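For reference, the structure is listed below as structure tokens.
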Protein chains: 2
Amino acid sequence: MANRRASITDLAKTLGLSPSTISRALSDHDDVSEATKARVRQLAEELHYQPNQLAAALRRGRSNTLGVLVPHITGHFFPQVVHGIATEAAKLGFNVMICQSNEDTRQEHKNIDLLMNSQVEGILVSLANTTHDFGHFEAVRQQNIPLVFFDRVVEDFEGSNVSAVVLDDYQGAYQVVTHLIEQGCTRIAHFSGPLHLNIHKNRHQGYLDALSAHGLANDKDLEVFCEMNQKGGMQAMRQLLKLPQRPDAVFSSNDLAAVGALQVAKIHRLRVPQDLAIVGFSNEMFTSLTEPMLSSVDQRCEQMGKTAVQLLQKMLKSGPNRQGPPKPIVLKPKLLVRESSQRR
Amino acid sequence: MANRRASITDLAKTLGLSPSTISRALSDHDDVSEATKARVRQLAEELHYQPNQLAAALRRGRSNTLGVLVPHITGHFFPQVVHGIATEAAKLGFNVMICQSNEDTRQEHKNIDLLMNSQVEGILVSLANTTHDFGHFEAVRQQNIPLVFFDRVVEDFEGSNVSAVVLDDYQGAYQVVTHLIEQGCTRIAHFSGPLHLNIHKNRHQGYLDALSAHGLANDKDLEVFCEMNQKGGMQAMRQLLKLPQRPDAVFSSNDLAAVGALQVAKIHRLRVPQDLAIVGFSNEMFTSLTEPMLSSVDQRCEQMGKTAVQLLQKMLKSGPNRQGPPKPIVLKPKLLVRESSQRR
DNA sequence: TTGAAAGCGCTAACAA
DNA sequence: TTGTTAGCGCTTTCAA
């Protein structure tokens with residue numbers, strides 16, 4: 001009994017009206033009599049009429065749907081951003097279609113095609129880390145579908161309908177180091193991931209610039225490139241403790257490695273933050289669970305998603321004909337000082 | 001220059017063929033000559049032809065899209081499940097449309113309608129915790145759209161096209177307690193959330209049954225109902241330590257409260273696991289970061305998403321006419337013994 | 001092997 | 001205020 005759904009035509013026949021009147025009544029169009037509207041609405045209710053968005057979208061040429069393409073929906077960052085996107089999109093009346101590239105350019109390519117085929121009105125993308133060629137976004141640009149990159153963006157890909165939302169990692173790192181200096185730290189070490197990744201490059205540069213801005217020398221021994229996980233942080237910390245003059249602070253480019261540093265510090269009976277101040281990056285959930293609680297930098301994940309959607313909507317509204325692409329939006333990170341770096 | 005996209009009609013005109021031939025060629029239909037196919041494919045390539053899925057879906061009556069409705073995409077559990085869903089759906093060739101109810105029944109209702117309007121072929125739902133009335137799923141059932149509940153399910157809502165995937169919380173708890181007993185623990189405390197939530201109720205029951213199965217008395221003093229977060233765990237632990245005879249193990253219904261217990265135990269100089277063994281539930285990421293590392297129960301989040309999609313597809317294939325609803329699928333949890341409970 | 005024609009359900013000119 | 005008509009882009013029967 002595959003109960004076919006009631007259609008506008010069905011309503012029209014039942015009420016002896018034309019489909020157009022039904023359509024207008026349902027969308028509360030001005031020039032339909034209240035009496036008719038009432039009749040239509042009641043019958044629609046009774047028959048559990050559900051408008052077929054596919055048909056409406058096809059006819060209107062607008063699908064009311066946004067496409068989202070992320071590397072994955074795991075870990076801390078992307079779920080939060082996706083949450084922000086979904087929430088804001090719902091608020092603005094958009095549906096959201098979500099794809100994962102699994103950090104694979106080929107998948108990314110396919111998914112872009114898929115989203116285009118689905119007639120999404122705009123696309124939000126965070127790039128796979130294997131993506132270096134941007135041919136697959138050419139079609140999006142050509143068809144003037146608004147495209148917003150977030151977090152992992154293309155630097156040199158411009159178009160009147162392309163924009164980006166990113167976090168100011170440089171600024172975040174700069175704040176951290178400034179804070180540590182204010183706490184009286186003078187030998188500030190840095191754990192960094194590979195510099196070909198933007199996030200690490202920018203955080204690293206923020207570290208260097210903050211040091212020199214405050215007249216501190218950059219001691220190469222204090223820069224450690226390590227695996228940015230707990231184990232990597234532990235190794236890096238052990239390495240630092242072997243130095244003739246050990247550091248009095250560690251700024252880690254992520255929270256996991258910072259936890260590693262914290263654990264090694266405790267093993268070596270260093271008091272945190274008195275002997276060694278530690279600050280991480282990303283404000284992962286577990287930063288409030290360590291002892292002492294770990295200072296970190298909030299990446300405004302949810303805000304990023306929200307902002308990206310708002311930007312997309314702005315592009316959608318202003319239409320494709322205008323001068324130049326919108327400026328990228330740079331979100332300010334927020335330093336959260338907790339016990340691990342608060343010497344008071 | 002809103003470059004209108006190339007359509008089948010466009011291709012047809014350019015090549016002097018009929019739309020039907022183009023359509024057949026593009027879908028690699030048997031009775032189109034290879035020569036024609038080649039010509040069509042080449043032109044399609046050149047014009048960056050993108051099939052309009054909306055139109056195809058409307059015509060076919062199948063949208064190729066699954067709807068997902070979760071309370072939210074934050075925390076540990078739901079992002080993981082959504083990840084599993086998205087991954088499996090992509091593998092099976094489905095698009096995925098995602099909505100959040102924000103734990104609000106009214107939102108849930110709206111979203112269900114939205115998904116139906118979008119002509120999704122099936123719906124995956126985890127209920128808002130405020131949902132007690134299920135009228136909004138009536139329409140789904142009536143129209144025979146396959147419906148799979150996961151994790152937070154409706155107990156008494158049946159239909160030939162409704163099913164569920166859940167975790168065996170009872171079994172997980174039972175395993176934990178058995179393990180603790182095997183480690184020599186005899187006074188095993190339990191932190192529980194409110195029993196009107198299924199997860200806590202089932203874990204609580206598993207705890208009780210495992211105790212009595214092994215001939216241990218159930219000491220009411222050892223059952224603590226607390227806020228299931230770090231602070232709640234700390235308070236609960238302090239309370240337990242005031243008992244004339246303190247427990248030698250804690251099984252917490254989630255990991256956050258377990259961390260709280262761990263911290264209080266350390267403050268009181270109890271050795272974990274020798275003096276006090278601790279086990280949590282959910283296998284959150286931070287369980288590997290504590291010292292000692294926290295034993296926990298893996299909820300198979302990703303597997304749950306995957307299973308739910310597979311089940312949905314099975315329902316889709318077998319069609320609406322068949323005897324009785326598919327049986328709910330109960331996933332077996334996995335106890336992960338780490339340092340906090342391994343006395344060896 | 002190809003084409004003609006109809007129609008999925010809806011909306012929006014235009015006409016009445 | 002309502003109806004007529006056409007068509008969004010595609011697929012699919014039926015006919016050639």
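Only a predicted model underlies this, so the values are computations on that prediction, with no experimental measurement involved. Letters A, B, ... are given to chains in the order of the sequence lines, protein chains preceding strands, and every chain is numbered from 1.
- Note: A:Phe137 and A:Phe149 meet the aromatic proximity criterion, with ring centroids under 6.0 Å apart.
- As rounded to whole Å, 9 Å separates atom P of C:dA12 from atom CZ of A:Arg62.
- Computed from coordinates, the B:Gln50 CD to D:dG9 P distance equals 14 Å when rounded to whole Å.
- A cation-pi arrangement is absent between B:Arg41 and B:Tyr49, since the terminal nitrogen or guanidinium carbon is not both under 6.0 Å from the aromatic centre and inside a 45° cone about the axis.
- In this structure, B:Ile123 and B:Val148 have side chains that are not in contact, with every pair of non-hydrogen atoms separated by 4.5 Å or more.
- Within 6.0 Å of atom NZ in A:Lys37, more than 12 heavy atoms from other residues, nucleotides or ligands are found, so the atom counts as buried in its surroundings.
- The CZ atom of B:Arg60 sits 17 Å away from the P atom of C:dC8 (whole-angstrom rounding).
- Remark: side-chain polar atoms of A:Thr131 are not paired, donor with acceptor, to backbone N or O of A:Leu127 under 3.5 angstrom.
- Toward the 5′ end of DNA chain C lies the nearest nucleotide of B:Ser33, the other residue of the pair B:Ser33 and B:Leu58 mapping further downstream.
- Against DNA chain D, the stretch residues 7-31 of chain B makes heavy-atom approaches under 4.0 Å through B:Ser7, B:Ile8, B:Ser20, B:Ser23, B:Arg24.
- Going from atom CZ of B:Arg39 over to atom C1' of C:dT2 covers 12 Å, rounded to whole Å.
- For B:Tyr49, a side-chain nitrogen or oxygen approaches OP1 or OP2 of D:dC10 to under 4.0 Å.
- Between B:Thr36 and C:dT1, a side-chain N or O to OP1/OP2 separation shorter than 4.0 Å is absent.
- A straight line from CD of A:Gln119 to C1' of D:dC8 spans 10 Å, rounded to a whole angstrom.
- Atom P of nucleotide D:dG9 and atom CG of B:Leu47 are separated by 15 Å, given to the nearest angstrom.
- A donor-acceptor pair under 3.5 Å links the side-chain atoms of B:Thr87 to the main chain of B:His83, judged by distance alone.
- Residue A:Gln53 contributes atom CD, which lies 15 Å from atom P of C:dG9 at whole-angstrom precision.
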